[in-house]
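As structure tokens, the structure follows; a few thoughts come after it.
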Amino acid sequence: MTARMIEVRGLNKWYDQFHVLKDIDLTVRDGEKYVICGPSGSGKSTLIRCINQLEHHQEGDIVVDGIAVEKKGRNQRAIRSRVGMVFQSFNLFPHMTVLDNCTLTPLLGLGMPKAEAEEIAMTHLTRVGIAEQALKFPLQLSGGQQQRVAIARALTMRPKIMLFDEPTSALDPEMIKEVLNVMVELAEGGMTMICVTHEMGFARQVADRVVFMDGGEIVESAPPDAFFDSPTYDRSAAFLSHIL
Amino acid sequence: MAPKVFVPSPDRPPPVDTSGPLVWIRRNLFRDVPNTLMTLLGAYIAVTFVTAVVDWALIDAVWQAESRRECLDLVGRSGACWPGVFVWFENLIYGLYPKDQVWRINTGFLLLVVWMVPLWMPRVVSKVAIGLSAVMLYPFLASYFFLGGEKGLVWTALIAAGLWGLIWVWATALTETLTGKSVGTWLIGRLGRSGADEATQMRIRRGAALALFVVSVLLVAPAEFVEVRTQFWGGLFLTLVISGIGITFSLPAGILLALGRRSKMPVVATLCTVFIELFRSVPLITILFMFNTMLPLFLPAGTEVNQLVRAIVAVCLFAAAYMAEIIRGGLQAIPSGQYEAATSLGLGYWQTTTQVVLPQALKIMIPAIVGNFIGLFKDTTLVSIIGLFDLMNMARAVGEDSNWLGLFIEPFFVVTLIYFVFCFAMSCYSMNLERKLSAGRERS
């Protein structure tokens, strides 16, 4: 049995009175790929943002790679350095070149010398097929290219887990494909991944499990074949019929 | 049916010119009757005004006279009486600074220029360090040039640090321009120790820095200038000292206050908010008065704080409060995604702030920041209210001289020009900076 990478137990979160996450339990083992889907407002993004503590929860436990998230947030940096995150809106730093975006963490977070940091950055940029754009600024690239840079940037800190928060929702269909290709390749390399996405083709291809959320709860969690062919829950069946 | 024949339609008339100065004039100045009338009226007003000023300032002006009376006898009030300004010109610039010591002021400001020149040299990479050294070390050197007097051990060390900085800046500029290496690396290369391990190289760097400091101390120690107390400071010199210190202080202090106000720590946030709101809600004149008259009452008896220092402290605090709100505006314009991306990359608060947030926020706010600098430069005229003879007050003093009694317009005219030159230069620099920072970085 491989190690548990992420363990979420009894997670509850409220925005004031609004109960966003209700008793979430989720266990992701080393190398597993989870796809989370569900209607908007169902708490998918909030859930993965809780994992690297961009959002704080009120109840329950989260353990990432053996480190328990503390409510006071003292070990936040230790957890964040294990968890790479890719955002819907890329969030590249517009005042730095693509290369500088990617050397930031190796230089500052990991304290590497400049030459080594640039080498690592270039390795990852090559991996996502964007090495020749390294000296451009992010806003000079297309959306798909920017998202690939964002993936490369997250990889430079050598994360054990990658979280994707609707990485393709802001992209044109053609660009979606180039980003998904990178994600598939990453998955095949054995990375532990949690993806919030509605790309069901991607889910079928790489996911070990598909999680369906509705109203802040996990209502269904099943391997992709079972999930797509015979959803057990009405709401997920209805949802699938809309997007497939 | 007759065969169809192609009949070309007749040529259209050539299009009216759409470019060129004549077209521009016709279109913008003489389009129709009201437009033409407005143009003529505007031109009339402009010409009248310009000729009036030129007549007064140049054509009817008196260039040589012994007193204002003599000017009035020659041309009455229709022409400017420049001799009064000539006589007072040195005071307008240097105040009552002893004439034989004025070279110290000139050298002091020249040193600043020399210090900053490497910032515009294209191959120099350590620009941030050079800029910081200008802010942190130059003031010691300059203040001794301006103030002079006996210097104790601490003073000597600080002035030596200033000289050390200047030498370091130029050594860096030269090695980086000529060899592309930093001074330290270049020196290690010259000593043939490039192969040595890091600890040895570090020792060489430290040793060289220390040796240079010792040399600086030896150079500084014997030099001594006559003391010129701040009571004798005045004119443009004083204006530049007050506003220069205010500007260099207000930016870092404003950044810290703005960050503090947005801090999650309640004590820090409250203190910063109270400070900012307090100083922003009170006119600068009031603050100057407070510091000038009331501060000595709160201080233990016998402690004497120089009047100039009091004014500078007041200006600095006031400017910092305003700058803080400008910076805060810039910080708020940075989307939360930038913070989230930085934190998710494992960067800490200060790394996120200095690498990701501030560079973007400051760039957005350049026009407002420079606007504030310009405002501050002009606001320093208020120190005349507590009896300091800055450029403005010095100009007023001309008309109180018994020889030039009532001569106010001419010195004010000159002072206006001086203010304009400085403020316009700052404005141009800001525009230039904006262009340079946005070149090639953004699509739009």
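If you measure heavy-atom distances from L54(A) to chain B, the contacts under 4.5 Å come from the side chain alone.
Contact annotation for residues 78-92 of chain A against chain B (heavy-atom separation below 4.5 Å, listed by residue number): R80(A), V83(A), M85(A), F87(A), N91(A), L92(A). At a heavy-atom cut-off of under 4.5 Å, chain B is reached by R153(A), A154(A), M157(A) from residues 144-171 of chain A, listed in order of number. Contacts with chain A (heavy atom to heavy atom, under 4.5 Å) involve these residues of residues 344-355 of chain B, listed by number: S344(B), L345(B), G346(B), L347(B), G348(B), Q351(B), Q355(B).
Atom CD of E132(A) has more than 12 neighbouring heavy atoms from other residues, nucleotides or ligands inside a 6.0 Å radius. The environment of CE in M136(B) is sparse: at most 12 heavy-atom neighbours from other residues, nucleotides or ligands sit within 6.0 Å. More than 12 heavy atoms of other shown residues, nucleotides or ligands fall within 6.0 angstrom of atom CZ in R123(B). Crowding of K127(B) atom NZ: a count of heavy atoms from other residues, nucleotides or ligands under 6.0 Å exceeding 12. Counting heavy-atom neighbours within 6.0 Å of E119(A) CD, excluding the residue itself, gives a total of 12 or less.
Residue Q76(A) holds its CD atom at 8.5 Å from OG1 of T343(B), rounded to the nearest 0.5 Å.
Counting heavy-atom pairs closer than 4.5 Å to chain B, the top-ranked of the candidates L108(A), T97(A), T105(A), L104(A) is L108(A).
In this structure, P359(B) and M96(A) have side chains that are not in contact, with every pair of non-hydrogen atoms separated by 4.5 Å or more.
Applying the side chain to side chain contact (heavy atoms under 4.5 Å, CB included) criterion to R190(B), with sequence neighbours excluded, gives W186(B).
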